[in-house]
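Residue numbering restarts at 1 for every chain, and letters A, B, ... go by the order of the sequence lines.
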Protein chains: 2
Amino acid sequence: MSNIEQSEPGITPPLRSLLSAMLFEALPDSARRQLRDHAPVQSFTDGQLIHQRGTAPDGFCLIEEGTVSVGQFLASGEFRSVALLGPGDSYGELAILSRRPRIVDSLARGPARVRFIGGALFERVLASDPAAMRALLGAMAAQLQETLDLLAGIRSGTTLARAAGLLGNLAGGGHQPRTVTITQQEIADLLGVTRATANAALARLEKNGLIARSYRAITVHEPARLRIRALE
Amino acid sequence: MSNIEQSEPGITPPLRSLLSAMLFEALPDSARRQLRDHAPVQSFTDGQLIHQRGTAPDGFCLIEEGTVSVGQFLASGEFRSVALLGPGDSYGELAILSRRPRIVDSLARGPARVRFIGGALFERVLASDPAAMRALLGAMAAQLQETLDLLAGIRSGTTLARAAGLLGNLAGGGHQPRTVTITQQEIADLLGVTRATANAALARLEKNGLIARSYRAITVHEPARLRIRALE
DNA sequence: TTCGGATTGTTCGATATTTGACATTCCTGT
DNA sequence: ACAGGAATGTCAAATATCGAACAATCCGAA
């Protein structure tokens with residue numbers, strides 16, 4: 001599992017699980033064990049390319065050690081990261097399931113060890129365990145719902161309204177205060193605005209008593225209220 | 001099937017299949033027949049609410065006749081539509097699969113007849129047909145890939161770059177010219193900008209020879225080139 | 001405790017977008 | 001052929017955001 005703050009109630013995980021479909025963890029223990037036991041581990045050096053976007057998928061990856069950055073190379077050669085994944089995290093399952101090319105590049109960030117789970121093995125395990133397949137269906141459906149919700153919430157409106165919707169969403173939309181662990185840069189990236197603009201919007205939401213800003217975290221006093229605010 | 005222009009090669013469908021997860025059609029014929037045969041049909045009058053966002057799912061819908069608008073009510077009471085679905089279209093499968101509340105409201109637009117496929121029946125059919133479940137997994141994985149790609153492409157950058165990325169994406173990213181059936185207002189909605197801004201971006205892309213504008217359609221001369229353009 | 005890197009807070013001129021409006025074109029039904 | 005509604009093209013003042021920079025705060029490692 002990645003560095004998710006789970007020791008404290010009310011703290012929600014950061015975004016990496018939303019933007020990078022980590023489906024491996026939705027599988028039952030037995031399926032996970034089976035996949036892991038038959039999969040070879042490879043080592044990568046800092047900056048080494050693991051997989052390229054557009055390539056045909058022959059397997060997916062489970063990170064054993066180190067950090068892998070998942071994202072996309074820009075025309076300028078720069079790498080735009082969507083997620084930073086660590087030990088226990090997985091990526092690349094979607095391409096296997098959809099039988100379509102990979103949509104992301106992946107790079108080692110520092111030395112990394114990555115376990116490759118072959119597509120054929122994955123299909124065999126799924127075929128022999130309908131409960132595993134159903135669990136995967138459920139996890140993917142939930143993620144698709146969240147992604148569509150996120151898409152709907154950030155598409156248009158003033159930055160202020162969009163920030164309200166995003167935070168209400170990330171804080172789970174309920175009526176209890178929730179603290180979201182996220183940097184303002186990440187919020188800015190999600191909304192597609194500059195950090196300065198995101199900061200200004202957050203400052204206004206805080207001034208209105210809807211949120212409290214702290215270092216690398218935002219406390220949402222009433223997530224449902226923020227969602228409503230976003231729809232105005 | 002909804003009003004998709006399939007008679008002409010190079011014409012891609014509009015967005016409704018992307019923004020509304022119509023998974024029913026990914027099922028094998030036998031599974032579809034089985035679901036349809038046991039499902040009751042209900043009639044709705046113009047403007048009648050069919051389902052409300054946030055409600056627990058007991059089934060999903062297959063449109064028999066008429067038009068259903070799927071989207072979300074704003075705080076002002078206005079309805080923001082995400083998709084307009086017609087005969088043969090389905091919606092609401094995600095909530096069943098994820099076992100989470102519905103994320104959309106749905107309204108009849110004119111008189112409509114809708115077939116309700118119960119969640120329990122759906123689960124039974126899936127459990128008895130692993131091929132159907134695998135097909136659904138694949139369709140959902142593909143859709144999640146597309147949605148994540150869309151999200152990645154529209155999140156930040158100038159409107160011009162984002163429009164380029166979106167069109168490159170919608171046109172399939174290949175090297176052959178493709179015509180995308182879409183209004184400029186729909187492009188604007190997707191990008192979260194006004195129609196005037198979308199039109200200005202499109203005009204510039206056309207001036208640069210990358211696209212050709214026509215009524216309710218955009219021809220993308222080389223989709224792969226537009227995608228690259230978006231990443232600059 | 002100190003240091004260094006990351007993150008946040010803020011500012012302001014430059015640039016982009018919105019808004020509201022009007023004109024023109026397109027398409028479909030009668 | 002005509003009418004009406006939808007879609008597109010365009011414009012300019014008002015408003016929002018970007019970009020670059022600097023200062024302040026936070027946190028983890030030594």
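- Look at Glu186(A) and Arg216(A) and you find no salt bridge, because none of the NZ, NE, NH1 or NH2 atoms lies under 4.0 Å from a carboxylate O.
- For CD of Gln176(A), the number of neighbouring non-hydrogen atoms (other residues, nucleotides, ligands) closer than 6.0 Å is 12 at most.
- Each of Glu206(B) and Thr159(A) was matched to the nucleotide of DNA chain D holding its nearest heavy atom; the match closer to the 5' end belongs to Glu206(B).
- With hydrogens and angles disregarded, a donor-acceptor distance shorter than 3.5 Å links the side chain of Ser106(A) to the backbone of His51(A).
- Residue Thr183(A) is classed as a sugar-phosphate contact, given heavy-atom separations below 4.0 Å to backbone atoms only.
- If you measure from atom CZ of Arg216(B) to atom P of dG5(D), you get 17 Å, rounded to the nearest angstrom.
- The side-chain heavy atoms of Met140(B) and Leu94(B), taken from C-beta on, include a pair separated by under 4.5 Å.
- One finds no side-chain N or O of Thr197(B) lying less than 4.0 angstrom from the OP1 or OP2 phosphate oxygen of dT17(C).
- Going from atom CZ of Arg162(B) over to atom P of dT17(C) covers 8 Å, rounded to whole Å.
- Applying the 6.0 Å contact sphere to CZ of Arg115(B) captures more than 12 heavy atoms from other residues, nucleotides or ligands.
- The CG-C1' distance, from Asn199(B) to dA16(C), rounds to 16 Å in whole Å.
- Atom C1' of nucleotide dA6(D) and atom CD1 of Ile182(B) are separated by 16 Å, given to the nearest angstrom.
- For the residue pair Thr219(A) / Thr179(A), a side-chain donor-acceptor distance below 3.5 Å is found, with atom types taken as modelled.
- Between the P atom of dG9(D) and the NZ atom of Lys207(B) lies a distance of 15 Å, rounded to the nearest Å.
- With axes fitted over five pairs at each extremity, the angle between the ends of the helix from dT1(C)-dA30(D) to dT30(C)-dA1(D) is 60° (10° resolution).
- A donor and an acceptor atom, one from each side chain of Arg113(B) and Ser43(B), are nowhere located under 3.5 Å apart.
- A salt bridge links Glu146(A) with Arg100(B): at least one charged nitrogen is closer than 4.0 Å to a carboxylate oxygen.
- Separating the CD1 atom of Ile187(A) from the P atom of dT17(D) is a distance of 15 Å, rounded to the nearest angstrom.
- Counted by atom type alone, Gln48(A) and Thr45(A) present one or more donor-acceptor pairs between their side chains at under 3.5 Å.
- One atom, CD of Gln184(A), and another, P of dT17(D), lie 15 Å apart when rounded to the nearest Å.
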**Request:** Heavy atoms under 4.0 Å is the rule here; annotate nucleotides 20-26 of chain D 5' to 3' with B where the base is hit, S where only the sugar-phosphate is, and - elsewhere.
**Result:** -B----B

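- One atom, CD of Gln185(B), and another, C1' of dT25(C), lie 17 Å apart when rounded to the nearest Å.
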